[in-house]
Amino acid sequence: MTQLKTLYRQIILDHYKKPRNLGKPTDSSYTIIHQNNPSCGDDITISIKVKHGIIEDIKQEGSGCSICCASASIMSEMVKGKTTEAAKDLSLEFSKMLLNQTINTEKLDEAIAFEGVKDFPARIKCATLGWKALESAIKEED
Ligand code: FES
């Protein structure tokens with residue numbers, strides 16, 4: 001295994017073991033979206049609190065494989081404090097990476113750890129589940 005692959009594996013494992021922004025919304029101002037993967041039964045709930053176009057807070061929780069849960073954790077860290085437009089842009093960039101299209105690697109930050117998932121089409125849904133839930137939550141906000 002290359003050093004880079006080992007690093008990516010460590011990032012994924014770290015987020016799987018210590019998920020960031022884990023939990024439920026703390027008040028009624030959050031938009032909550034539940035998304036599941038029918039092929040495996042895993043599900044994820046994303047709650048966002050948006051003020052003046054900025055994601056002030058995000059909570060995520062659910063059950064799933066390590067790729068699914070770690071990806072939601074990294075996503076939550078990346079979009080917290082960003083505008084909804086910037087978050088949508090990041091989500092698009094993440095999808096492009098999994099479709100093997102040209103990407104801005106700097107923008108993707110730790111989410112680059114999922115680059116290898118593009119070689120495993122069955123796992124792409126795992127990696128994108130949290131991001132898709134985020135997109136739906138932002139759409140509800142608009
Ligand atoms: Fe279900 Fe990964 S196996 S989301």
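Fair warning: this is a prediction, and the values are worked out from it, not measured in the lab. Remember, it's 1-based here, ligands and their atoms both numbered in the order they're listed.
In this structure, N37 counts as a contact residue of ligand 1, since one of its heavy atoms falls inside 4.0 Å of the ligand.
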Salt bridge (Lys or Arg N to Asp or Glu O under 4.0 Å) between E135 and K88, worked out: CA-CA 7 Å; E135 281 181 25; K88 279 196 277 187; over 6 Å; no
Stepwise salt bridge (Lys or Arg N to Asp or Glu O under 4.0 Å) test for E56 and K49: CA-CA 6 Å; E56 274 198 340; K49 184 186 213 164; 5.2 Å; no
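K51 contributes atom NZ, which lies 8.5 Å from atom OG of S29 (distance to the nearest 0.5 angstrom). Rounded to the nearest 0.5 angstrom, I44 CD1 and L134 CG are separated by 11.5 Å.
Applying the 6.0 Å contact sphere to NZ of K96 captures more than 12 heavy atoms from other residues, nucleotides or ligands.
Distance check for C40 against atom 2 (Fe) of ligand 1: none of its N/O/S atoms falls below 2.8 Å. Coordination check, C68 versus atom 2 (Fe) of ligand 1: failed, since every N/O/S atom of the residue sits at 2.8 Å or beyond.
Counting atoms of ligand 1 from 1 in the listed order, those under 4.0 Å from a heavy atom of C65 are 2 (Fe), 3 (S), 4 (S).
The protein heavy atom nearest to atom 4 (S) of ligand 1 is D42 OD2, 3.3 Å.
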